[in-house]
Visitor: 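Structure provided below as structure tokens; questions to follow.
Reminder, nothing fancy here: chain letters follow the sequence lines and each chain counts from 1.
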There are 2 protein chains.
Amino acid sequence: MKPRHRQDALVRNLRRQGTSTISRLAEEVGASRRTVLRDIAALRDEGFVIHSETGPGGGLFLDPRSVQTTARLSVAEVFALLISVASMRAAGTLPFSGLADAALAKIEKALPSDKVQDLRRFLDCLYVGPLAPEVDITNLGKMDPALLPAFEPAFLNRLRLRFHYRDAKGVETTRHVEPQAMLILPPLWYLVAWDPSRQDFRHFRMDRISAPECVEGSAFRRRQVPFDDSVRPVRQTLD
Amino acid sequence: MKPRHRQDALVRNLRRQGTSTISRLAEEVGASRRTVLRDIAALRDEGFVIHSETGPGGGLFLDPRSVQTTARLSVAEVFALLISVASMRAAGTLPFSGLADAALAKIEKALPSDKVQDLRRFLDCLYVGPLAPEVDITNLGKMDPALLPAFEPAFLNRLRLRFHYRDAKGVETTRHVEPQAMLILPPLWYLVAWDPSRQDFRHFRMDRISAPECVEGSAFRRRQVPFDDSVRPVRQTLD
DNA sequence: TTAATGATGCCAAAAACTGGCACCATAAAT
DNA sequence: ATTTATGGTGCCAGTTTTTGGCATCATTAA
């Protein structure tokens with residue numbers, strides 16, 4: 001058995017039994033006393049808090065608060081969590097958000113990639129706010145989540161995006177833009193993009209976008225997105 | 001360099017360069033061609049999707065969607081993420097929430113502990129809704145996050161909780177209750193608990209609780225919490 | 001004092017990893 | 001058809017890491 005798996009088994013046994021002794025653990029995981037001791041030391045190095053007491057009746061005790069998980073998440077999943085947490089922080093009403101931030105920071109650090117940092121920069125542009133009371137939610141279509149996979153590579157790799165867009169008047173056009181940010185004003189998502197042919201920024205309601213496609217090999221540089229909190233009052237005019 | 005770290009380096013290089021060849025990677029990570037090939041095989045076993053093409057101009061290509069992280073999170077951190085995601089789902093306005101759910105499911109599964117499932121049962125009672133427009137947020141105190149660590153073991157281990165409570169009239173009493181659920185109505189958190197001395201459920205505003213303390217060795221069983229969505233209209237009467 | 005327990009250092013055996021080699025398959029270029 | 005650049009596999013000896021046994025010490029309850 002690989003060291004890593006054996007150490008996981010040790011943690012499991014310690015959790016289940018509350019307290020145990022080196023010899024018992026050694027028998028349970030099929031390793032020698034010496035090896036278990038080394039594994040315990042390794043776990044302590046990794047941050048597990050394991051108390052020990054010598055003498056008859058002594059043994060090991062794992063502090064449950066120090067138990068950790070080793071989930072493997074994809075970049076997309078990290079992105080999803082990121083949005084969730086960023087949104088809650090923007091809403092500003094939940095405690096634990098500090099902990100959630102810390103957790104995400106860990107996840108990002110463990111990710112063998114620095115692309116998530118790029119995503120984070122886009123997230124900085126997000127604003128999540130309560131819906132104005134006069135807006136009729138049922139009348140506002142939501143974007144189709146099935147379209148999202150097409151957007152991700154565009155943001156990750158700064159690729160131009162081509163899609164069909166049906167504007168407020170129902171007129172359908174084909175656009176070819178450089179995605180700059182996502183703007184979230186629940187329950188609507190907007191794509192903020194630079195339109196090279198018009199030399200200007202445009203907002204697109206995500207639910208009015210269809211057939212999005214990344215244009216391969218078209219990396220562009222990021223532009224200064226011309227809004228911040230002041231976007232708030234603009235809300236009613238977006239569509 | 002340890003195999004694990006070398007493999008991480010490989011993934012980093014592949015992500016950065018888009019595509020590469022075995023020989024180039026071998027030089028970059030300071031290992032032999034054979035070893036890199038073995039590492040690639042190991043990565044594939046772990047779920048990384050690495051395409052390869054033979055012949056001149058060929059090479060390796062890592063599908064970015066398959067890149068994974070190996071963060072180690074504590075139970076408390078998982079709880080924090082859980083709340084974040086559960087809240088967003090309750091708000092019902094964000095896409096990606098399916099992905100976030102999947103990510104959390106993975107995290108929970110990887111956690112060598114089943115305590116998080118217990119936490120999840122509490123979370124099922126959460127309701128997160130937009131604040132009624134007539135409520136003046138600035139007048140509503142928020143709970144002190146510093147108090148939270150005292151609550152966590154109470155929920156995790158079903159322990160009785162003792163605390164001081166200052167009610168709406170400013171009268172301070174000492175309570176001794178069995179915590180049953182957290183009720184979130186932004187920006188306020190409520191503790192829903194069974195009060196054995198009164199043989200009834202009580203709601204406590206978290207920001208009016210002080211000096212919370214777990215009562216060790218006092219495990220209790222869960223009671224049927226007598227509310228669901230119908231709690232919504234009750235809102236104005238809670239305090 | 002004794003016995004049970006955690007903890008550390010040392011060393012040889014065992015296991016895993018590594019790098020070199022030969023060799024194969026494929027596909028583009030000549 | 002040949003050459004060349006590439007990924008991929010099997011084998012084996014050398015190297016490195018891990019393991020298990022041993023001796024030994026410290027601590028504490030009986």
Visitor: Are Thr173(B) and Arg175(B) linked by a side-chain donor-acceptor pair shorter than 3.5 Å?
Guide: yes
Visitor: Can you give one letter per nucleotide of nucleotides 23-30 of chain C, going 5' to 3': B for a protein heavy atom under 4.0 Å from the base, S for sugar-phosphate only, - for none?
Guide: ---BBB--
Visitor: Would you call Glu213(A)-Arg162(A) a salt bridge at under 4.0 Å N-O?
Guide: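 Salt bridge flag = yes for Arg162(A) with Glu213(A).
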Visitor: Return the minimal non-hydrogen interatomic distance between Pro196(A) and Glu178(A), and the atom names on each side.
Guide: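 Looking at all heavy atoms of both residues, the closest pair is CG-OE2, 4.0 Å.
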Visitor: Roughly how many Å is it from NZ in Lys2(B) to P in dT17(D), rounded to a whole number?
Guide: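 So the NZ-P distance, Lys2(B) to dT17(D), works out to 8 Å.
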Visitor: Asp39(A) has an atom CG; how far is it from atom P of dA7(C), in whole Å?
Guide: 13 Å
Visitor: Rounded to the nearest angstrom, tell me the gap between atom CD in Glu27(A) and atom P in dT5(C).
Guide: 13 Å
Visitor: Measure from CD1 on Ile22(B) to C1' on dG7(D) and round the result to the nearest Å.
Guide: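 About 6 Å, once rounded to whole Å.
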Visitor: Considering only dT6(D), dG19(C), dG20(D), which nucleotide approaches the side chain of Ser32(A) most closely?
Guide: dG20(D)
Visitor: Could you check whether Leu37(A) gets within reach of a base, just the sugar-phosphate, or nothing at all, counting any heavy atom under 4.0 Å?
Guide: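 Result for Leu37(A) = base.
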Visitor: Would you say the side chain of Arg38(B) and the base of dG19(C) hold a donor-acceptor pair, judged only by whether the two atoms sit under 3.5 Å apart?
Guide: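 Looking at the base of dG19(C), it does pair with a donor or acceptor on the side chain of Arg38(B) (distance under 3.5 Å).
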Visitor: With Leu60(B) as reference, evaluate Ile22(B), Thr19(B), Thr21(B) under the side chain to side chain contact (heavy atoms under 4.5 Å, CB included) test and give the passing residue.
Guide: Ile22(B)
Visitor: Could you tell me whether Arg24(B) contacts a base, only the sugar-phosphate backbone, or nothing, with contacts defined as non-hydrogen atoms closer than 4.0 Å?
Guide: nothing
Visitor: Answer yes when Asp167(A) and Arg208(A) have at least one side-chain N-carboxylate O distance shorter than 4.0 Å, and no when they do not.
Guide: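 No, no charged N to carboxylate O under 4.0 Å.
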Visitor: Quick one: the side chain of Arg34(B) and the base of dG8(D), do they pair up donor-acceptor inside 3.5 Å?
Guide: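 No pair found.
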